[in-house]
Protein chains: 2
Amino acid sequence: MQKILLVLSLCLVIGIAKAQKITSPNGNVTLSFKLDEAGKPTYNLNFKNRAVIKDSKMGFLFKGVKPMNENFTIVDTQYKNDDNTWAPVWGENKEIRDNHKEMFVSLVQKDSKRKINIRFRVFDDGAGFRYEFPVQDQLRHFILQDETTEFNLSGDHKAFWIPADYDTNEFPITTSKLSEIEGLIDEVRKEPLAAKAPSPNVAVQTPLMLKSSDGLYINIHEAALVNYPAMFLNVEASSKLSSHLTPDVRGNKAYLQTGYTSPWRTIVVSDDARDILASNLILNLNEPSKIEDTSWIKPTKYIGVWWEYFTGGGSTWAYSNTGDVIIGKTDFSKIKPNGTHGANTEHVKYYIDFAAKNGFDAVLVEGWNEGWEDNAAFVKEEIYSFTKAYPDFDVKELHRYAVSKGVKIIMHHETTSSVASYERQLEDAFKFMVDNGYDAVKTGYVGPIIPRSEYHDGQWMVNHYIRVVKAAADHKIMVNSHEAVRPTGLSRTYPNWIAQESARGTEFESFNGNKPEHTTILPFTRLMGGPMDYTPGIFQGDLSVYGSNKAKLSTTLVKQLALYVTMYSPLQMAADLPENYERFADAFQFMKDVAVDWDNTYILEAEPGDYITIARKAKGKSEWYVGGITDENAREAIIDFSFLPAGAKYTATIYADGKDADWIKNPQSYEIKTMTVTNKTKLKQRLAPSGGVAISIK
Amino acid sequence: MQKILLVLSLCLVIGIAKAQKITSPNGNVTLSFKLDEAGKPTYNLNFKNRAVIKDSKMGFLFKGVKPMNENFTIVDTQYKNDDNTWAPVWGENKEIRDNHKEMFVSLVQKDSKRKINIRFRVFDDGAGFRYEFPVQDQLRHFILQDETTEFNLSGDHKAFWIPADYDTNEFPITTSKLSEIEGLIDEVRKEPLAAKAPSPNVAVQTPLMLKSSDGLYINIHEAALVNYPAMFLNVEASSKLSSHLTPDVRGNKAYLQTGYTSPWRTIVVSDDARDILASNLILNLNEPSKIEDTSWIKPTKYIGVWWEYFTGGGSTWAYSNTGDVIIGKTDFSKIKPNGTHGANTEHVKYYIDFAAKNGFDAVLVEGWNEGWEDNAAFVKEEIYSFTKAYPDFDVKELHRYAVSKGVKIIMHHETTSSVASYERQLEDAFKFMVDNGYDAVKTGYVGPIIPRSEYHDGQWMVNHYIRVVKAAADHKIMVNSHEAVRPTGLSRTYPNWIAQESARGTEFESFNGNKPEHTTILPFTRLMGGPMDYTPGIFQGDLSVYGSNKAKLSTTLVKQLALYVTMYSPLQMAADLPENYERFADAFQFMKDVAVDWDNTYILEAEPGDYITIARKAKGKSEWYVGGITDENAREAIIDFSFLPAGAKYTATIYADGKDADWIKNPQSYEIKTMTVTNKTKLKQRLAPSGGVAISIK
């Protein structure tokens with residue numbers, strides 16, 4: 001016993017006396033941890049001996065009981081190295097290496113005897129840490145008032161940010177210095193979005209992309225967000241960030257029980273922007289797949305009865321213009337149809353035919369089910385039936401027809417954020433899907449959440465999204481969630497969570513809402529957590545051809561093609577109307593060819609806000625696809641084909657902006673040429689303003 | 001068209017010019033309606049030419065849009081008489097007469113053109129009215145900020161009240177003048193209860209029982225509370241009451257869509273207190289049964305593994321004392337049992353044997369399922385499994401055993417108010433019940449509600465309780481909900497909603513919490529809306545015999561027997577431990593004999609707060625049961641047997657307080673005698689302080 005006490009005392013002395021360090025396998029990244037004089041947990045992070053995160057505090061405030069962010073002693077520290085390689089079910093690479101060093105620190109609070117552990121992992125491209133609340137006598141159930149993790153930066157970096165909002169992540173991205181955010185944020189928040197619950201603080205969303213004046217690229221986010229609210233970052237000074245958790249309406253952050261581990265706080269860092277895009281740090285900090293048989297999970301290329309609802313052409317989700325629809329009471333077969341309902345059997349068959357003819361896997365159909373008359377009635381809880389189709393949508397016949405054509409129909413569950421109602425219907429909805437041959441669902445969360453205590457990014461909703469994904473997995477259903485919390489790499493653990501929206505997607509093109517640089521930033525922000533269903537592929541960018549909508553696309557036609565490579569997703573939509581693809585059949589060929597799953601990915605060029613060029617090898621095939629995009633400035637991409645195997649010649653088909661192409665004046669100008677390439681080839685390719693290049697290689 | 005306009009104009013003129021009246025079939029009750037000079041809807045109510053409700057305003061405040069409580073014109077008024085008789089599935093009488101006059105007033109708001117209708121029905125014992133929002137172009141979805149219905153009384157009446165609280169109705173009842181409530185309410189609110197959300201106003205709950213100084217008995221409540229929050233009554237002055245709806249956490253009262261009709265606001269009135277108890281006004285204002293086949297709904301007398309959790313004898317709901325139980329993860333077969341778990345197979349068999357031997361229909365078992373270790377962890381959402389039993393509760397074996405003994409087991413779903421979690425499990429829980437032979441469930445809602453936007457009495461929870469009852473009906477399951485919103489006669493519409501608690505029940509006897517007068521008031525308040533699972537039958541009232549609990553029952557033993565007649569319910573529990581019934585086997589005979597369903601009910605004597613004597617004829621049998629109770633004062637009940645058929649002699653077994661009986665000093669003193677009675681018999685029977693009398697007649 002005396003011996004134990006002696007060891008403990010030694011630990012305590014060591015703990016207070018000096019910082020404990022771990023350094024990444026290649027020595028580039030160093031993380032230090034110590035307790036300060038007040039017993040406050042403190043860490044810092046260096047990259048190649050340059051400060052990334054300066055001394056920053058860690059811990060928690062509790063509701064109704066003393067905080068757990070000071071007065072600690074270290075009772076134990078354990079170190080571990082790990083180096084292993086795993087294969088994702090789908091991804092940018094067929095194998096991912098997880099090579100890190102771990103430091104696990106056990107803390108006890110002097111007065112309260114409450115325990116908390118912190119687990120740090122350091123990789124060559126950054127670090128992650130999480131809090132662990134062990135089961136203990138002194139603590140059992142508790143309410144988090146706040147997490148007090150800081151990220152003290154080394155300077156007033158350039159930031160690519162959207163404002164913190166508990167209900168939406170669909171803001172346009174602003175680029176400014178951190179110190180300028182306070183002055184800009186109120187204006188940015190005026191963006192009209194379906195549900196907004198702005199943070200009262202000057203705060204931004206993660207993944208937050210930063211660039212220091214001396215050329216360090218830093219990305220702060222989180223991994224494995226489970227049973228916890230999403231984290232925002234307070235911007236308290238030009239270089240001081242701190243965690244800001246999504247509350248519920250009562251102002252509480254999380255309701256927890258000991259035995260719980262927090263999400264990982266992640267910092268990806270490099271002096272080369274390409275390393276940020278290539279990083280697997282967030283995936284590596286997530287748990288392996290919990291789904292044993294994943295054979296039914298299939299990367300998918302799809303079209304859909306969707307864009308026509310945005311074009312201004314008159315097609316509607318709703319079947320009628322009736323004002324008194326009540327789900328479970330209204331007999332839709334007896335009400336007057338409005339004649340503009342998009343999801344009718346004949347029209348869906350037209351889409352199925354087009355998908356079959358062009359090799360697409362699936363057709364998404366929105367507006368198929370009862371209730372769309374009230375889809376903007378945010379006060380209504382029982383809005384939709386997820387098991388009853390409108391009278392003009394013949395579920396059985398379309399199932400038969402789709403099967404005969406070898407095409408899947410993708411289910412749509414727009415909830416209008418009436419989530420408790422959705423949960424009540426969930427099992428029946430999934431059974432309905434299985435009974436009718438659906439194996440994938442697009443979920444939607446437009447508008448404020450019901451139950452009205454909750455926000456999109458709070459603990460309760462975080463649990464909801466995962467609950468849906470798990471229930472879907474039980475029915476072998478893939479999930480593509482829209483307007484959900486931003487992803488944190490959980491698609492490793494639940495690979496049926498095949499994509500999310502969770503950012504400003506192509507639909508905003510129909511409101512003139514996207515800037516040319518938008519897609520050069522998204523891979524550095526939103527996509528750090530997982531694939532995005534961005535729904536590119538708009539060829540007819542001038543919407544005035546359809547009617548009164550005057551919106552114009554923010555890119556050239558070719559840039560739309562390049563997005564299939566630069567915006568990684570195992571789920572890719574060809575979003576435009578079939579008629580436009582028929583009009584530009586030669587350009588459409590790239591969308592027909594391009595893969596959605598990959599053996600390898602090569603980040604060739606990258607600068608957030610300016611340009612991205614990526615090459616990828618199609619999974620299991622000797623085919624490569626290259627995509628390059630630029631912001632509003634024309635540029636010359638340099639495409640180094642050294643990613644190709646040595647010694648062989650390949651035919652590259654190059655889809656390039658026409659010489660006179662310009663996203664404003666001449667977006668549909670393009671040229672298609674072929675050339676022979678080897679792994680020695682270096683191609684200089686001009687991209688038009690907001691233009692791109694797409695290359696297929698066989 | 002001109003003609004229509006002329007008629008409309010005439011109506012308008014008439015509408016403003018004078019009040020419109022209806023008078024009850026026997027002429028006793030008169031209701032008047034008019035618009036005042038500002039176009040505000042106004043009503044009043046008279047009983048035998050005495051003012052019950054003086055001119056009182058009606059209407060609504062909306063969130064974000066103009067109120068609908070003024071500036072109206074009357075566009076139409078329609079009158080209707082109804083006189084019909086219907087048979088409840090179970091009840092105090094085998095037939096109920098619904099004889100009323102109806103006035104239906106259609107209003108339109110001058111500026112907004114929004115429409116609202118008010119439907120009044122007048123009965124011989126009072127009146128009801130409700131608001132109806134017709135489908136219209138000017139209004140579709142809306143949020144109620146408040147209902148502005150007033151109940152202006154004729155004086156500072158005596159009131160039997162509990163304070164308005166959005167989360168509980170388990171307060172003791174206070175008797176005071178209305179004007180005294182403001183001075184008393186803060187003290188009353190200090191009552192320790194598991195969840196409290198006091199109204200900020202000086203406000204009380206309904207059913208509110210009032211007595212005027214000139215002897216009018218008035219009861220204000222509501223009928224058919226559906227998709228709307230429960231109503232409290234603001235006490236704004238000594239005689240001015242107004243509606244106060246339960247909000248959600250955002251302060252909103254209700255989220256509605258036109259086509260909606262509000263609950264009925266009910267006023268029962270008489271100059272004889274017995275008429276209040278005999279009233280069927282609230283049932284008559286509810287819809288007929290929506291369940292077609294009701295053959296499976298059976299009034300039930302039951303015992304249960306329940307009171308032992310309150311006695312202080314050491315029996316526990318929880319199977320273990322483990323601190324880190326997680327539903328779905330913890331393997332309960334591997335954790336250490338605490339050895340005090342009440343719901344174990346052997347113990348339940350002992351209860352089944354006792355039920356079988358004594359002719360009880362069923363045994364309630366609480367604490368059978370996983371999760372009770374955290375039953376007071378109000379922050380935990382996933383507390384219970386409703387399909388997994390503790391390891392020592394053998395579901396299949398107990399099912400087999402119960403069937404072999406001809407006894408049912410009553411399921412228990414304590415939710416600890418984690419309602420969203422319960423809804424997610426509901427279908428599986430009911431299927432589990434059906435698979436294992438359960439046909440009745442006691443639900444429980446202890447603690448604050450999750451979702452955390454909601455209160456027990458708010459619109460969302462009101463919908464929840466009904467949702468559970470409907471889903472239960474789909475599985476032919478009867479529901480007895482505890483800690484739910486107070487009932488409003490909906491058991492007519494959903495007769496499987498066989499009872500509720502929704503008031504301070506017998507469990508509070510174990511905390512010394514009930515006063516002798518309590519059960520002389522409950523039939524005038526809580527029971528006006530429907531039957532209560534009061535769980536009487538405690539013979540061993542001194543709990544110190546079990547251990548450290550010093551609580552003593554607030555009644556004599558005989559009064560406990562009388563409650564089976566005075567507290568109407570088709571679900572009656574014999575709540576005490578079997579050993580106590582074996583000790584007092586002769587008194588227990590009454591509980592074995594007493595019926596739980598009735599052909600006729602005769603209110604013989606009644607004064608709220610003082611005494612009640614009721615006789616009832618058992619359904620389909622020539623058997624009658626009489627119960628008489630008194631408050632802390634001894635009294636002589638006069639039991640007039642004229643309810644018996646003329647010309648025949650019957651044997652009455654009289655369970656009476658012993659001569660020396662007294663609820664404090666000698667509660668277990670009783671005597672049992674038989675006498676011959678006819679319909680000419682008038683029995684004078686002394687009741688001890690907080691005593692009673694129970695009589696069975698064959």
Side-chain angles (χ1 to χ4, degrees), chain A residues 63-64 133-144 227 248-252 254-260 322-326 328-330 373-374 376-383 418-421 423-428 448-454 458-460 463-464 467 470-471, chain B residues 63-64 133-144 227 248-252 254-260 322-326 328-330 373-374 376-383 418-421 423-428 448-454 458-460 463-464 467 470-471:
Chain A
K63 187 166 181 187
F133 293 96
V135 173
Q136 55 194 287
D137 292 339
Q138 295 75 15
L139 191 64
R140 187 163 168 187
H141 299 282
F142 53 101
I143 300 176
L144 277 197
N227 194 22
D248 66 10
V249 166
R250 290 176 183 262
N252 298 327
Y255 303 83
L256 297 172
Q257 176 177 349
T258 46
Y260 178 75
T322 314
D324 58 344
V325 161
I326 295 173
K329 288 192 182 165
T330 302
E373 286 77 4
D374 280 323
F378 296 141
V379 303
K380 183 172 180 174
E381 180 156 5
E382 305 298 340
I383 303 187
S418 183
V419 177
S421 169
E423 290 194 342
R424 288 191 289 266
Q425 295 187 64
L426 197 61
E427 270 302 302
D428 286 345
I449 305 290
I450 304 176
R452 298 176 177 96
S453 43
E454 306 306 328
Q459 180 191 25
W460 198 89
N463 288 339
H464 165 79
R467 189 178 296 129
K470 282 174 159 177
Chain B
K63 188 169 182 185
F133 293 97
V135 173
Q136 55 194 291
D137 292 340
Q138 295 75 15
L139 191 64
R140 187 161 169 191
H141 299 282
F142 54 101
I143 300 176
L144 276 198
N227 194 22
D248 66 10
V249 167
R250 290 177 183 262
N252 297 326
Y255 303 83
L256 297 173
Q257 175 176 348
T258 47
Y260 178 76
T322 315
D324 58 344
V325 161
I326 295 173
K329 287 191 181 164
T330 301
E373 286 76 5
D374 281 323
F378 296 142
V379 304
K380 184 172 180 174
E381 180 157 6
E382 303 299 339
I383 303 188
S418 184
V419 178
S421 170
E423 290 194 341
R424 289 191 288 267
Q425 295 186 64
L426 197 61
E427 270 303 300
D428 287 345
I449 305 290
I450 305 176
R452 297 177 178 95
S453 42
E454 306 306 330
Q459 180 191 26
W460 198 88
N463 287 339
H464 166 79
R467 190 180 294 128
K470 282 175 160 177

* To do: Go through the atoms of Arg452(A) and report whether side chain, backbone, both or neither lie under 4.5 Å from a heavy atom of chain B.
  => both
* To do: Can you tell which part of Glu382(B) gets under 4.5 Å to a heavy atom of chain A, answering side chain, backbone, both or neither?
  => side chain
* How far does CD of Glu423(B) sit from CZ of Arg424(A), to the nearest 0.5 angstrom? -> 4.5 Å
* Nearest heavy-atom pair of Gln257(B) and Asp374(A): which atoms, and what distance? -> NE2-OD2, 3.8 Å
* To do: Check side chain to side chain donor-acceptor pair (under 3.5 Å) between Asp324(B) and all other residues, then give those that pass, not counting sequence neighbours.
  => none
* Asked: Does the side chain of Glu373(A) reach to within under 4.5 Å of the side chain of Arg140(B), using non-hydrogen atoms?
  -> yes
* So which part of Val419(B) gets closer than 4.5 Å to some heavy atom of chain A, the side chain, the backbone, both or neither? -> neither
* To do: State which residues pass ring-ring contact (aromatic ring centres under 6.0 Å, His included) with Phe142(B); sequence neighbours excluded, sorted by chain then number.
  => Phe62(B), Phe133(B)
* Asked: So which part of Glu381(B) gets closer than 4.5 Å to some heavy atom of chain A, the side chain, the backbone, both or neither?
  -> side chain
